[in-house]
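See structure below.
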Amino acid sequence: MAANTTPRHPLISYHVFMMLLILLFMSTLQAVLATTNTSQTYENYIITSCNSTTYPQLCYMSLSPYASKIKANPKKLCKTSLSVGLEAAQNVSSIVSNQLKQKGSLTSSETAVIKDCVVNIKSSIDELRESLDAMDKLSGWDKEFQMSNIKTWVSAALTDENTCLDVFEEGQEISEKVKNKVRKRILEVARLTSNALYLINNLNY
């Protein structure tokens, strides 16, 4: 008996292909929408958390790039906020220290003021490092004691940064050029630290 060699109708293959294509498209679309919704959820968490800080716009700008890392985790939010503040403080310390190395660009009064400022910023860096290290190890029965230490270090860092800012207030013999170059950067560090302190004070652990 001869085998049936009748070819399949081409329309059937086409319909199957189109159905598979549609299913693939729908699956991809759902995955994209899920990712988008998740990303928006993380963004909204950053916005909501930053809204009550002293400097909400700076808070959002500094933390939103890390939304996918922070997700909606309060501890990660605080750790990232501390890391951002620490990095900013380190950058400022480097810039201000380099300013001192430029011979002839500063008066003796400006040099003295900036040296004092460098000391305060370096103390701030040490304190932010201590707080970040403690935040990484935050666990166990004495969490409350650990949190108290973290808050103390961050508060001390903010005090050091504000002390540095105080020397740039009116009455000091510092040119506007130097004041604007250094003070603006330190002010941003102090604001980042202030935001970090707020988030830590409101951390539910």
Sequence neighbours excluded and cut-off under 3.5 Å, please list the side-chain donor-acceptor pairs for residues 61-70, or say none.
unit_1: Ser62; atom_1: OG; unit_2: Leu58; atom_2: O; d: 3.0
unit_1: Ser62; atom_1: OG; unit_2: Cys59; atom_2: O; d: 3.0
unit_1: Ser64; atom_1: OG; unit_2: Tyr60; atom_2: O; d: 2.9

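Residues meeting the side-chain contact (heavy atoms from CB on, under 4.5 Å) test with Asn149, sequence neighbours left out: Phe145, Trp153. Under the side-chain contact (heavy atoms from CB on, under 4.5 Å) criterion, Thr111 pairs with Leu100, Leu106, Lys115, sequence neighbours left out. Annotation: disulfide bond (SG atoms under 2.5 Å apart) contacts of Cys78 (sequence neighbours excluded): none.
Looking only at distances, a side-chain donor or acceptor of Ser123 sits under 3.5 Å from a matching main-chain atom of Val119. Looking at Ser155, its side chain does come within 3.5 Å of a backbone N or O of Lys151 through a donor-acceptor pair. Side chain of Ser49 to main chain of Ile46: no donor-acceptor pair is present (N/O by atom type, distance under 3.5 Å, no hydrogens or angles). A distance-only check finds no donor-acceptor pair linking the side chain of Ser124 to the backbone of Asn120 [under 3.5 Å]. Side-chain atoms of Ser194 never come within 3.5 Å of backbone atoms of Ala190 as a donor-acceptor pair (strictly under, hydrogens ignored).
The two residues Asn195 and Ser81 have their closest heavy-atom pair at C-OG, 4.3 Å. Thr193 approaches Ala157 most closely through the heavy-atom pair CG2-CB, 4.3 Å. For Leu138 against Lys75, the heavy-atom pair with the smallest separation is O-NZ, 3.3 Å.
For residues 130-142, the side chain to side chain donor-acceptor pair (under 3.5 Å) pairs, not counting sequence neighbours, are Lys79-Asp136, Asp133-Lys137, Asp142-Gln146. Within the structure, no pair that satisfies the side chain to side chain donor-acceptor pair (under 3.5 Å) test touches residues 84-95, not counting sequence neighbours.
Under a hydrophobic clustering in which Ile, Leu, Val, Met, Phe, Trp and Tyr are joined whenever their side-chain heavy atoms come within less than 4.5 Å, directly or via other members, Leu192 and Leu203 fall into different clusters. Grouping the Ile, Leu, Val, Met, Phe, Trp and Tyr side chains by contacts below 4.5 angstrom, directly or via other members, places Leu197 with Leu86. If you chain together hydrophobic residues whose side chains sit under 4.5 Å apart, Ile186 and Ile125 fall into the same group.
Residues Val154 and Glu127 are not in side-chain contact: their nearest non-hydrogen atoms beyond the backbone lie 4.5 Å or more apart.
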